[in-house]
Amino acid sequence: MTDTTARSALVIGGGIAGPVTALALRRAGIQATVYEAYTGGDDGVGGMLGIASNGISALDVVGAGDAVRSIGISVKSMVLQSWTGKRLAEFGTMPGLDPTQTVWRHELSRVLREAAQAQGIRYETGKRLVTAEEYGDGVNAVFEDGSTARADILIGADGIKSVVRGLIDPSAPGPRYTGLVGIGGRPRGRISGVPLGDTGIMFMIFGKQAFFAYQVYQDGSVGWFANVPRTEPIWHAEAQAIGAEEWLRRLRKIFAEDRTPAPAILAHARPEDLIIVGGLQDMPTVPHWSRGRIVLVGDSAHATSPSSGQGVSVAAESAVELARCLRDQPIAQAFRTYESIRRPRVERIIQNAARTNSHKAAGPMGRVIRDTIFPVMIKFAKPDRFAWQFAHRIDWDAKVH
């Protein structure tokens, strides 16, 4: 590959990482076009997500932070509880940092797409990538509909099931099942027994059989999600086939003995409120993030389990760092520098999330140990211990070396 500076880019994937990457590239002076496989919008697709302070900071760099705040609910603290209702720990927002924002995935995708289009970034829908071929001083993308597109580089922002990852390395690992099934619920009406005064708190409950989290909105409605341990993987289509009514019946049974608001919230829920995700996944180490003029960003390179609360945030960070590297260095060097900057951080976050998953799936003895040691651990834990995740900031103006 001729080692040149990137001036144009094909961004494959228009969900979360795609528009953030395009915005970051635009700020770096690189023209980007986003190619999305689906023709319809994301309305109703995906559940509740958290965007931590480090993610909000990265979104501020590309001019999308305020748009995300406009659809988010601030989480001023997180309260950990046992199935008996015992408070295990509470985490507040670290001083000087933005609070975490909870958003619904389809709304986040919409505002990021609108932010990108407002800055003149072009979106092409119905463009499912089949392959990509390098040619001299550029790369050519071939789509399922027979159309093609060319640019200096191609960026795979196409998620955990990335096509681009396989083009870089056909032997690259695929997603890894975490041992948990994800089910969420959209807010609907006020629920008796869940006080309005709890607005701004995310409750994380280690239930007797499964994990449950919820947040109360200003109108008294509740958004929630559950992580249910399951040994055998069950993917999205199979989980959908079981049906919302059956999942709701199972969830009510699983949480029936919990002395927390979970049973009341589930009693109030309707089948049409449910968001059935299926088996939760993360990515094992991806050996190669780039090849030639093709590179990965976001979940395609470093998907972390939802338990981290960092998926959107680290994707936004990676988009910004990739753009900085391409701004300051020739393509091949930029890709190497980008990976060296990002890999240690994201893999540490993935490992931390795996430990959290093990707590969610704890057996009877594990629950006793967890519920005993958590309060002691938190009592003596210093806030600085968590700063490496949440206080991380990217200096856009600093030159990349």
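In this chain, numbering begins with 1 at the start of the sequence shown.
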Does [X] come within less than 4.0 Å of [Y], counting only side-chain N to carboxylate O?
X    : Y    : result
E317 : R345 : yes
E90  : R87  : yes
E36  : K127 : no

Is it the case that [X] and [Y] place a side-chain donor and acceptor less than 3.5 Å from each other?
X    : Y    : answer
Q310 : N54  : yes
T102 : Q215 : yes
D145 : S147 : yes

Going by atom type alone, with no hydrogens or angles, which donor-acceptor pairs under 3.5 Å involve a side-chain atom of residues 279-286 and a protein atom two or more places apart or on another chain?
| from | atom 1 | to | atom 2 | distance (Å) |
| --- | --- | --- | --- | --- |
| D282 | OD1 | R176 | NE | 2.9 |
| D282 | OD1 | R176 | NH2 | 3.4 |
| D282 | OD2 | R176 | NH2 | 3.2 |

Requested in this report: Please name all residues satisfying side chain to side chain contact (heavy atoms under 4.5 Å, CB included) with V61, sequence neighbours left out, ordered by chain then number.
Outcome: R27, V320, W396
Report task. Check the surroundings of atom CD in E232: do more than 12 heavy atoms from other residues, nucleotides or ligands lie under 6.0 Å from it? Result -> no
Requested in this report: Check side-chain hydrogen bond (donor to acceptor under 3.5 Å, both in side chains) between T93 and all other residues, then give those that pass, not counting sequence neighbours.
Outcome: none
Query raised in the report: Do the side chain of R252 and the main chain of P263 share a donor and acceptor less than 3.5 angstrom apart?
Result: no
**Report entry** Backbone of R105 reached by a side-chain donor or acceptor of S109 within 3.5 Å
**Finding:** no
Query - Proximity of W289 and Y338 rings by center, below 6.0 Å - result: yes
